[in-house]
Structures are given as structure tokens and as C-alpha cells.
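Position 1 is the first residue of the sequence; numbering continues from there.
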Amino acid sequence: MAFHRHTGGPSSYTVGTMSDRFDCHYCRESLHGKKYVQKEGRHCCVKCFEKFCANTCTECRKPIGADSKELHFKNRYWHDSCFHCTKCYASLVNEPFMLRENNKVWCSNCTAKDEAPRCKGCYKPIIAGDQNVEYKKSVWHKECFTCYQCKAVIGTGSFFPKGDDIYCVSCHEHKFAKTCAKCKNPITSGGITYQEQPWHSECFVCSSCKKPIGGRRFTAVENDFYCVDCYKECVAKKCAGCHSPITGFGRGSSVVNYEDQSWHDYCFKCKKCSRPLANRRFVCHNQQIYCPECPHRL
């Protein structure tokens, strides 16, 4: 009697060729001179073994015959040819594997890729060793983290989020940043607002001395701005009374104008009696200002 033993499963069996007189335990046909299977003390023909005793392959759902190589794991059985990765179909005989849902086996590479986080850009897995960028609980391959506008790779550089989109600094400036009223270039940080228009701090300067006037007193003359000192020196009219600049700041902010001449309101007074004449009747005599009574006393 020649035989060989299968020990792939929890219960082993022996396959051999019967030289003595025995009948099949199931069909009662003689096994003399035929191949048989001995399992748990019973002899049966190969046909009855596959019908009544053989394990069912988890993958193909067919019996694992006496002449087939059988693999088992946690009370599950496979033909050796059926024991392959569900994803890439690589053979898993003598290879590490993972048993997953629905009794599917996966190789270690496919398992790692499936469990890896997905890139928000290309939706492919980000596996160990890949350079990546994380932002607000999302992750990208470094080369997939690109500007929504120009498509340039941002990688680990500076960027600006806008809704669900990401912009590089240059595109964000040109698309969303306010534009300076003077130089027309984007204002990326800081800035000054004057009459509902935005300005760079370095653009909002005195038209004469070019010093910044943000946060300081200044005077606007048409489209130009002047600090207090330059306005007094270069622009302001001189008072016909005291000959000092009329700035409109502080004392004497009210101005009296008459025949191309201007006075501080406190300087507009009678030449003889010094009576204040702002908002009062006056008389001009020999280019001098008098109250209505004083010219008769001259």
C-alpha cells in the first residue's frame, strides 16, 4: 500500500493506492487496486472524498480534491492556485497576506495602499515615504498641491485659501487683493483707506516732502496731499493781516476772503479801532479795512 499524507487543514487525511480488499465507506465500491483516501479511520474513493469530505475553496467555491494542494487559515481553505491577492492577483503562497472583508485576501502592498490616506488632488494613495502637504485635515502629494489659478506647484511654499481653492501668493494678489489708488499694484498687507480708497502706506505721502502722512494731520488739495509744514510753506495763502499762512488748523480755522485777499477771521479787523469785522459790515479805504465809523474819523 503506497500513500502520502495531507496535513494542510485541521483534520489530516492519507491518499494511497489500495492493495488489500476494502470497499468505499460511502458508495461501497471495491477499492482494490484503486486510489483511495483514508480520513478519520475511513476509506473512501476519490470521487466520494470530493463529494462528502473535501473542503470547499473559499475563492472558487469548488471542492479541494485529494490531488490538489490545499492551504488553510482560520478554518478557511483555498486551492494553492486560488490563493492570490484580490487586488493585484499576485500569488500569496509563502507570502505575507491580510484576510479582509468577505474572506478576501490581500497582499501587504495592496493593503498598505488601500489603507493609506488619499491625495485630495489626484485621489491616489499617499504611501509611506511620499512627500505630502497637510492642510485642514486634507492631504496632498507635494506635487499635487497646486495653485487653482495658474496650476503651478505650491508644495511647501506660501499660499492663500479661498473657499475650497488654494492660490499662490501672486495669483491671490492679482485676483483678490485691493489695488492701491496711486500705484495700482495689489496691497498684500496693511495699507491705508482714505475716502473709501485703499493706499499703500508708502504711497500715501506728502506731495512736497514725500514723507508718509498716514496717521498724521494733512491737507488734501485736489489730488495732492500735504503735511502741515509743507502746506504752510508751499500751498497756503498768506493772511493779509498777519502775513502768516492760513492753514485751517487750530485757531482761526475760519477764513475771510475779499478781492483776492484772505485773512484769518481773527485778523480781519478795523485798521484804526481794531474792532473784529468777521461776519460784519466793513469799509475798504486805500486797501485797508475799517469799520463803518472809523473812515470818517481819519
Side-chain angles (χ1 to χ4, degrees), residues 58-60 71-78 80-205 212 214-215:
T58 301
E59 178 66 20
C60 69
L71 299 173
H72 81 282
F73 179 73
K74 291 186 177 180
N75 295 323
R76 295 171 179 85
Y77 304 86
W78 292 265
D80 65 339
S81 59
C82 292
F83 197 63
H84 56 72
C85 176
T86 301
K87 295 289 287 185
C88 68
Y89 295 98
S91 174
L92 295 177
V93 178
N94 299 322
E95 297 293 336
F97 65 92
M98 176 71 71
L99 184 65
R100 305 193 67 178
E101 61 276 3
N102 299 322
N103 293 324
K104 299 298 183 181
V105 285
W106 292 42
C107 67
S108 56
N109 286 337
C110 289
T111 299
K113 290 179 180 179
D114 185 70
E115 293 178 349
R118 295 277 170 173
C119 172
K120 193 174 180 181
C122 67
Y123 304 106
K124 294 180 180 179
I126 298 176
I127 59 178
D130 286 347
Q131 289 186 310
N132 61 81
V133 177
E134 293 187 29
Y135 176 68
K136 284 189 174 180
K137 298 182 180 180
S138 294
V139 62
W140 291 259
H141 292 108
K142 183 179 178 181
E143 63 273 15
C144 295
F145 195 64
T146 60
C147 174
Y148 177 80
Q149 184 82 8
C150 68
K151 308 305 179 185
V153 175
I154 297 174
T156 56
S158 298
F159 65 91
F160 289 90
K162 199 71 174 179
D164 292 332
D165 301 323
I166 301 296
Y167 291 86
C168 67
V169 174
S170 178
C171 288
H172 185 270
E173 287 180 358
H174 287 89
K175 189 174 180 66
F176 300 107
K178 294 180 179 179
T179 302
C180 176
K182 183 175 182 179
C183 69
K184 308 304 179 184
N185 291 322
I187 300 173
T188 57
S189 62
I192 292 172
T193 299
Y194 175 69
Q195 291 188 341
E196 299 183 355
Q197 286 188 311
W199 303 70
H200 289 113
S201 298
E202 59 271 21
C203 290
F204 197 65
V205 297

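Scanning for ring-ring contact (aromatic ring centres under 6.0 Å, His included) contacts around Phe160 gives His172, with sequence neighbours left out. Evaluation of the side chain to side chain contact (heavy atoms under 4.5 Å, CB included) rule for Ser81 yields His79 as partners, not counting sequence neighbours. Listed by chain and number, the residues in a ring-ring contact (aromatic ring centres under 6.0 Å, His included) with Trp106 amount to none (sequence neighbours excluded). For His84, the ring-ring contact (aromatic ring centres under 6.0 Å, His included) partners at least two apart in sequence or on another chain are Tyr89. For Arg118, there are no side-chain hydrogen bond (donor to acceptor under 3.5 Å, both in side chains) partners two or more places apart in sequence or in a different chain. Listed by chain and number, the residues in a ring-ring contact (aromatic ring centres under 6.0 Å, His included) with Tyr135 are Phe159 (sequence neighbours excluded).
When all heavy atoms of Pro198 and Thr179 are compared, the pair lying nearest together is CG-O, 3.3 Å. Residues Cys144 and Gly121 approach most closely at CB-CA, 4.3 Å, considering heavy atoms.
With Phe145 as the aromatic partner, Lys142 does not meet the cation-pi criteria of under 6.0 angstrom to the ring centre and within 45 degrees of the ring axis.
Rounding to the nearest 0.5 Å gives a distance of 10.0 Å between CD1 of Ile192 and CH2 of Trp199.
No more than 12 heavy atoms of other residues, nucleotides or ligands lie within 6.0 Å of NZ in Lys136, so this atom counts as exposed by the packing criterion.
Between the side chain of His200 and the backbone N or O of Ala181 there is no donor-acceptor pair closer than 3.5 Å.
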